[in-house]
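Notes follow the structure.
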Amino acid sequence: MSPDEWQAHVTTEAALAMGRWLEARGRLDRPIAGLTRKDLECMASNAIGRFILLASERRTEAPDPEERAKLDLLLMG
């Protein structure tokens with residue numbers, strides 16, 4: 001998977017993590033404007049957690065040393 005394909009994959013996975021959180025909390029009929037700061041923080045936490053997991057997996061599998069170094073910066077910087 002190219003870096004561009006991987007980024008698209010991670011973006012989709014983060015969006016899915018947010019969607020799963022929204023579905024789990026219920027009240028999907030409420031507009032986004034009705035979300036509290038705590039709601040937004042929980043969604044962000046889920047998306048960030050998913051990114052960290054996927055980036056960690058990608059880092060161990062990345063054949064390109066440059067890509068691996070970039071992931072190191074993101075994960076540990």
Side-chain angles (χ1 to χ4, degrees):
M1 181 180 310
S2 75
D4 288 342
E5 291 170 328
W6 182 79
Q7 183 175 352
H9 171 69
V10 169
T11 300
T12 298
E13 287 294 319
L16 289 172
M18 290 188 300
R20 284 191 292 273
W21 183 85
L22 284 168
E23 286 178 345
R25 85 182 245 296
R27 298 177 293 166
L28 291 175
D29 58 322
R30 290 181 42 201
I32 295 289
L35 295 175
T36 66
R37 180 177 176 177
K38 181 74 174 164
D39 291 335
L40 296 171
E41 288 171 353
C42 288
M43 284 181 11
S45 179
N46 282 327
I48 291 166
R50 187 67 181 144
F51 169 80
I52 290 170
L53 177 70
L54 291 171
S56 297
E57 290 172 355
R58 176 73 175 184
R59 194 254 172 246
T60 60
E61 299 168 1
D64 179 28
E66 185 178 327
E67 182 180 359
R68 206 172 310 123
K70 287 179 184 177
L71 289 169
D72 285 344
L73 284 174
L74 285 172
L75 292 169
M76 296 174 212

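Given the structure is predicted, the values throughout are model-derived calculations rather than measurements.
- Note that CG of L71 is 12.0 Å distant from CD of E57, once rounded to the nearest 0.5 Å.
- Remark: S56 engages I52, L75 in a side-chain contact (heavy atoms from CB on, under 4.5 Å) (not counting sequence neighbours).
- Under the side chain to side chain donor-acceptor pair (under 3.5 Å) criterion, R68 pairs with no residue, sequence neighbours left out.
- Taking hydrophobic clusters as Ile, Leu, Val, Met, Phe, Trp and Tyr residues chained together by side-chain heavy-atom distances below 4.5 Å, M76 does not share a cluster with L53.
- The side-chain hydrogen bond (donor to acceptor under 3.5 Å, both in side chains) analysis of residues 40-55, with sequence neighbours excluded, yields the pairs E13-R50, R37-E41.
- T60 pairs by the side chain to side chain donor-acceptor pair (under 3.5 Å) definition with nothing, not counting sequence neighbours.
- Among pairs with a residue in residues 1-10, none fulfils salt bridge (charged side-chain N to carboxylate O under 4.0 Å, His left out), at least two apart in sequence or across chains.
- Qualifying side-chain contact (heavy atoms from CB on, under 4.5 Å) partners for M18, counting only residues two or more places apart in sequence or in other chains: M43, A47.
- In terms of modelled atom types and a separation under 3.5 Å, the side chain of D72 and the main chain of A69 share no donor-acceptor contact.
- Taking the side chain to side chain donor-acceptor pair (under 3.5 Å) definition, one finds that E67 meets it with R58, sequence neighbours left out.
- In this structure, the separation between OG1 on T12 and CG on L54 is 10.5 Å, given to the nearest 0.5 Å.
- Of all heavy-atom pairs spanning R25 and D39, the tightest one is NH2-OD2, 3.4 Å.
- Residues forming a side-chain contact (heavy atoms from CB on, under 4.5 Å) with E66 (at least two apart in sequence, or on another chain): D64, K70.
- Contact between W6 and A55 at its shortest, heavy atoms only, is CZ2-CA, 3.6 Å.
- Placement of I48 and L74 within a single hydrophobic cluster is found when ILVMFWY residues are connected by side-chain heavy-atom separations under 4.5 Å, directly or transitively.
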